[in-house]
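Notes follow the structure.
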Amino acid sequence: MRKIISVVVPCYNESEALPKFMEELEKVVAGMNYVDFQVVLVNDGSKDNTLEVMKELAAGNSMVKYVSFSRNFGKEAAMYAGLAHADGDYVAIMDADLQDPPEFLEQMYEAVTKEGYDCAAARRVTRKGEPPIRSFFARMFYKLMGKMSKTEVVDGARDFRLMSRKVVDALLECKEYNRFSKGMFGWVGFKTKWIEYENVERVAGQTKWNFWSLFKYSIEGIVAFSTTPLVFASFIGLLFCMIAFIAVIFIVVRKFAFGDPVAGWASMTCIITFIGGLQLFFMGVFGQYLAKTYLEVKNRPIYIVAETDMEGKEGVRYGGRC
Ligand code: UDP
Ligand code: MG
């Protein structure tokens, strides 16, 4: 029996990049004639004519399938939908902008079939071509995440990877609404081979990330994979109680020993403002966790499919939650 590799491609406004991507992928497919391919293009509510481009590609090549969302649900949802629709024995996730070089597929396939790995993933060792400030904050995030969470989140790891069916099924079992794949890949475990490479710039179109969206994404990662901020809040609270207790003793002793006049109201104001600020900050931290819990208990689907040419996949039309 010939094995099948499903290549999942989340696409948002990728009408320019997608044909170039398919061209490159087809070269790799031709070179790997010992295995069959299926390409699952996921249209994540694009505002340009990405869907038309997908339909054209699907019409011209029987291995190409498409799944189109009713609106933009985000890359995480698009990846989940792709995994849910993929039929392959192995599933690869790749960006449409050729930042994930398709020629790695061969090496990855080798790793999961011959070298005993369950998963082969790409990791950027440089961030050239990226604004330095963005790289700096990205590094900080990975350091912080490493300290706060038991789940391994590898610096520079991309979503680009080839997984065996076992890993894919494990990921599909993680049905949370707030998805942070970089953590989930680590959380499900399995043996992963890391393939290192230099950053490649996108072939066409624009990145969908700005500083603010990356910041929100990093908060999502921390809230999803660590409860350290909550422990930290309790710790700071306890510390302040102790400081206050010592201060009270100090003031009482001073009063009786020296007969203290009323002074120091300015420093008092500073302390009150500081502690007030701290309380609000940690209320915000609790709020983050509460908000995520709220979104989870609603149990809404992760994505909604508007149209697809993958028959027999009706069951996964709503992200498997309803
Ligand atoms: N993407 C998506 N939905 C979104 C944003 C992005 O499916 O809401 C896709 C996008 O089309 C691309 C991949 O996710 O194939 C990576 O996006 P991008 O290149 O903007 O991210 P970067 O490479 O800059 O991290
Ligand atoms: Mg990109």
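Remember, it's 1-based here, ligands and their atoms both numbered in the order they're listed. FYI, the numbering just counts along the sequence from 1.
Looking from atom 14 (O) of ligand 1 to the surrounding protein, the closest heavy atom is K75 CD, 3.2 Å. The closest protein non-hydrogen atom to atom 23 (O) of ligand 1 is Q99 OE1, 2.5 Å. Counting protein heavy atoms only, atom 18 (P) of ligand 1 is closest to R202 NH2, 3.4 Å. Looking from atom 24 (O) of ligand 1 to the surrounding protein, the closest heavy atom is T207 OG1, 2.7 Å. Looking from atom 15 (O) of ligand 1 to the surrounding protein, the closest heavy atom is P10 O, 2.8 Å. Here the protein heavy atom with the shortest distance to atom 6 (C) of ligand 1 is K208 CG, 3.5 Å. The protein atom (non-hydrogen) at minimum distance from atom 12 (C) of ligand 1 is E14 OE2, 3.3 Å. Given atom 1 (N) of ligand 1, the protein heavy atom at minimum distance is Y12 CB, 3.8 Å.
Shown are the protein N/O/S atoms under 2.8 Å from the Mg ion (ligand 2), given by residue and atom: D97 OD2, Q99 OE1.
Using a cut-off of 4.0 Å between Lys/Arg side-chain N and Asp/Glu carboxylate O, K182 and D159 are scored as salt-bridged. Under the 4.0 Å criterion applied to side-chain N and carboxylate O atoms, K75 and D95 are assigned as salt-bridge partners.
L57 has its side chain out of reach of V39: every pair of non-hydrogen atoms, C-beta onward, lies at least 4.5 Å apart.
Among the atoms of A78, none of the N or O lies under 3.5 angstrom from an N or O of ligand 1.
Ring pair F180/Y217: centre-to-centre distance below 6.0 Å.
Distances from atom 3 (N) of ligand 1 to the heavy atoms of D159, L98, D44 show the closest one on D44.
Between Q38 and S6, the side chains place a donor N or O and an acceptor N or O closer than 3.5 Å (distance only, hydrogens not considered). Side-chain contact of N61 with E26: a donor-acceptor pair under 3.5 Å is present, judged by distance alone. No donor-acceptor contact under 3.5 angstrom links the side chains of S68 and E307, judged on distance only.
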Would you tabulate the side-chain donor-acceptor contacts of residues 275-282 under 3.5 Å, counting partners in other chains and residues two or more places apart, or write 'none'?
none

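Within the 4.0 Å heavy-atom cutoff, M94 does not count among the residues contacting ligand 1.
With V42 as the partner, the side-chain contact (heavy atoms from CB on, under 4.5 Å) test is satisfied by one option alone out of F69, Y303, Y66, Y12: F69.
More than 12 heavy atoms of other residues, nucleotides or ligands shown are found within 6.0 angstrom of CZ on F190.
Of the heavy atoms in N72, only side-chain atoms (C-beta onward) come closer than 4.0 Å to ligand 1.
Under a cutoff of 6.0 Å and an axis angle of 45°, R2 and Y34 do not form a cation-pi pair.
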